[in-house]
Amino acid sequence: HKRDLIRNISIIAHIDHGKTTLVDRILECTGTIEKRKMKEQYLDTMDIERERGITIKATPVKVLYKASDGLEYEINIIDTPGHVDFSYEVSRSLAACEGAILLVDASQGVEAQTFANTYLALENDLEIIPVVNKVDLPNANIEETVAELEDLIGFTADDCIYASGKTGQGIPEILEAIVHNIPAPSGDINAPLKALIFDAEYDKYRGVVIHARIVDGEVTVGDKIKMFSTGEEFEVTEVGIFTPELVPTDTLSAGEVGYIIAGIKDVDSAKVGDTITSAANPVTTPLPGFKEIKPMVYAGLFPGLPEYYEELRKAIEKLKLNDAALSFKPENSPALGFGFRVGFLGLLHMEVVRERLEREFEIACILTAPNVVYKVKLRNGDTVDITNPAKFPDDSQIEEVQEPFVTLNIITPSEYMGSLIGFITSEKRGEFKEVENAGKNRVVLKFDAPLAEIMFDFFDKLKAISRGYASMDYEIIGYRPSDVVKVTILVNRETVDALSFIVHRSKEYTVARRVVEKLKDLIPQHQFQIPIQAKAGGRIIARSDIKALRKDVLAKCYGGDITRKMKLLEKQREGKKRMREIGKVNIPQTAFLALMKIG
Ligand code: GTP
């Protein structure tokens with residue numbers, strides 16, 4: 001049977017452990033992509049990904065492999081995003097597979113992301129093939145890596161394949177293990193259609209291209225399909241496979257991985273994790289694990305100059321077409337004017353959106369410091385979700401505030417354990433839960449901590465304390481009561497709402513002081529002295545002053561005749577520089593992120 005020759009797999013790896021390189025070798029080894037066509041790192045397609053060397057969006061690829069048993073197998077490799085912001089997407093990609101390759105860099109050992117994703121794979125009942133990678137490196141520590149795999153996940157030296165994406169060592173063994181250890185997909189081809197959406201992308205010409213795993217039944221051009229979560233119906237115009245280019249086929253049937261095009265205009269209609277079924281003969285229960293994606297952090301987004309608002313709106317609408325996790329609504333800030341409140345999965349997601357706006361749309365924008373969503377129970381009995389610190393209710397109206405908490409896993413060499421526990425419990429409001437050994441000299445530390453605390457300046461400190469060796473991963477566990485306060489910032493005695501932030505009461509003074517100091521460094525000098533004040537509960541709790549510029553410097557800056565055209569150019573440059581004039585003060589973009597730059 002054709003289906004017995006299919007293998008659907010994912011690759012689990014921490015960032016930089018060599019996933020893309022390994023896939024490239026597999027493509028080369030199986031002749032999927034001719035050598036001369038082979039671009040470095042075929043799977044990473046977005047510019048930003050290529051530049052930063054991180055994989056964000058999963059792009060599947062089908063590989064044909066003639067195994068030692070003489071049969072030709074079809075292996076679908078579904079790539080997974082390598083960042084905690086996208087863990088829901090990772091879990092849905094894994095759900096589309098029967099097995100996973102667990103790739104560990106032998107010079108780095110098991111890291112937090114590897115560990116977390118392995119658990120996601122085990123939860124999805126995947127067969128796991130442990131691969132110790134980069135064994136060609138002189139500093140590869142194979143023995144210790146295996147000891148960590150054994151302690152943390154239970155694999156022994158005999159279970160592992162020793163490989164190198166660089167030399168090609170171990171690639172044949174990996175291919176054989178995929179064929180022999182990972183089960184073929186099961187599923188009933190005669191049952192009504194049941195397919196899992198594990199990704200969706202928007203194409204200018206074809207609309208939404210759904211990446212799907214067919215679980216039961218089959219789908220053919222002309223079929224009417226229905227989305228389980230919304231009930232929306234569409235007619236299929238094309239189905240096909242990933243080579244990794246899209247290649248149309250007649251049908252996709254149970255066990256197969258491929259794409260479906262059905263005149264869908266918006267990625268919101270093809271939600272990751274949703275079940276596709278037949279409109280005529282729908283299933284009654286969906287596939288498990290579907291969740292609506294909710295943004296975890298929000299930030300204000302404003303045009304570099306007010307007149308670019310429309311341009312920004314168009315750009316963000318375009319981005320949204322291809323990014324179901326992005327949410328936005330118009331916002332009016334007294335200081336910055338018209339803009340948007342934008343919801344992101346996390347800080348990496350935010351960074352990607354900002355970079356795309358600047359590069360693909362050439363729009364300079366001002367992004368304010370991100371914040372988590374607070375749940376505020378009011379005295380009048382209502383509960384509101386606060387996504388904008390400027391809109392945080394007055395103390396007198398509040399009954400209780402709750403903030404999101406995470407379980408935090410940190411894998412680190414044992415020698416840094418003490419300093420890390422100290423840092424997280426005393427500076428980051430974390431609660432230490434437990435420690436587990438991993439190999440001879442590493443440990444896994446578990447904490448509960450507020451999401452807000454691990455968002456800012458956490459990763460860098462973690463790396464600094466551990467000399468780069470610790471890695472982290474977290475999972476949201478829900479909301480817990482918290483005693484937080486809103487701090488307002490005044491620049492030159494005017495409230496700049498876009499600089500407001502929410503902070504735990506225990507850190508109110510320290511954070512306020514650091515923010516005003518930071519703003520003092522980030523806002524340039526003007527002809528006049530500029531006081532910067534932080535206010536909470538009606539009192540000024542911190543202040544710092546920017547001294548006035550001396551006169552002779554001014555003469556040089558503002559001399560000369562400026563034509564209309566020059567003025568315009570100047571204005572545009574200003575927009576590009578991302579400066580905004582508030583009151584009489586020019587505030588640069590970096591100042592709006594001052595909060596992120598302090599501990
Ligand atoms: P993300 O997409 O960021 O998760 O990274 P990745 O896991 O895809 O890693 P990638 O394949 O980009 O490799 C990261 C770095 O390690 C690159 O500089 C590779 O050239 C290098 N590398 C990958 N595999 C090997 C290997 O087997 N041996 C050696 N020496 N270097 C390798």
Side-chain angles (χ1 to χ4, degrees), residues 9-29 32-33 35 38-61 63 77-87 89-91 93-94 100-118 120-121 128-142 144-146 149 160-175 177 199 244 345-349 351-352 355 411 459 463 468-469 471-473:
I9 66 152
S10 261
I11 300 177
I12 295 170
H14 193 79
I15 289 173
D16 280 346
H17 280 205
K19 184 171 61 179
T20 312
T21 309
L22 186 90
V23 173
D24 283 354
R25 280 300 87 72
I26 291 178
L27 298 186
E28 209 179 270
C29 234
T32 309
I33 290 168
K35 237 191 178 130
M38 182 94 192
K39 276 185 279 178
E40 270 277 295
Q41 313 223 319
Y42 205 92
L43 286 189
D44 293 2
T45 44
M46 264 210 275
D47 281 351
I48 300 170
E49 294 178 28
R50 202 169 290 231
E51 256 168 56
R52 298 186 162 202
I54 45 174
T55 311
I56 294 166
K57 200 90 183 168
T59 313
V61 56
V63 167
I77 305 173
I78 297 174
D79 199 16
T80 52
H83 193 275
V84 57
D85 282 7
F86 305 98
S87 61
E89 280 189 41
V90 175
S91 86
S93 292
L94 292 173
I101 294 172
L102 163 58
L103 198 64
V104 183
D105 181 335
S107 69
Q108 305 291 319
V110 177
E111 301 203 58
Q113 196 74 47
T114 339
F115 185 52
N117 287 353
T118 304
L120 284 178
I128 293 173
I129 301 171
V131 173
V132 177
N133 193 32
K134 303 199 192 180
V135 294
D136 63 290
L137 284 175
N139 62 336
N141 191 344
I142 299 173
E144 174 66 12
T145 304
V146 172
L149 278 168
C160 299
I161 295 173
Y162 302 89
S164 162
K166 191 154 213 164
T167 65
Q169 182 190 333
I171 307 292
E173 287 83 350
I174 292 172
L175 286 163
D199 201 359
L345 293 173
L347 295 196
L348 178 70
H349 186 211
E351 218 16 62
V352 168
E355 276 195 41
I411 298 189
F459 190 68
K463 289 285 179 193
Y469 286 113
S471 61
M472 64 174 274
D473 188 85

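Read the numbers this way: they start at 1 and go in the same order the structure lists the ligands and their atoms. These values consider heavy atoms only, across backbone and side chains, with no hydrogens, waters or symmetry-generated copies.
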[X] versus [Y]: any side-chain heavy-atom pair under 4.5 Å?
X    : Y    : value
L120 : V90  : yes
V135 : Q169 : yes
I11  : T80  : no
L102 : V131 : no
K166 : L137 : no
L149 : V104 : yes

When you look for heavy atoms under 4.0 Å from ligand 1, do you find them on the side chain of [X], its backbone, both, or neither?
X    : value
T21  : both
K134 : both
T20  : both
A13  : neither
N133 : side chain

Checking the N or O distance criterion of under 3.5 Å, is ligand 1 in contact with I15? no

Counting both backbone and side chain atoms, is some N or O of G165 under 3.5 Å from an N or O of ligand 1?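 Yes, there is a polar N/O contact under 3.5 Å.
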
Interfacing atoms of ligand 1 (cut-off 4.0 Å, heavy-atom, L137): 30 (N)

Give the atoms of ligand 1, by number and element, whose distance to some non-hydrogen atom of S164 is under 4.0 Å. 26 (C), 27 (O), 28 (N)

D105 pairs by side-chain contact (heavy atoms from CB on, under 4.5 Å) with which of E111, K134, H14?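 One option only clears the test, and that one is K134.
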
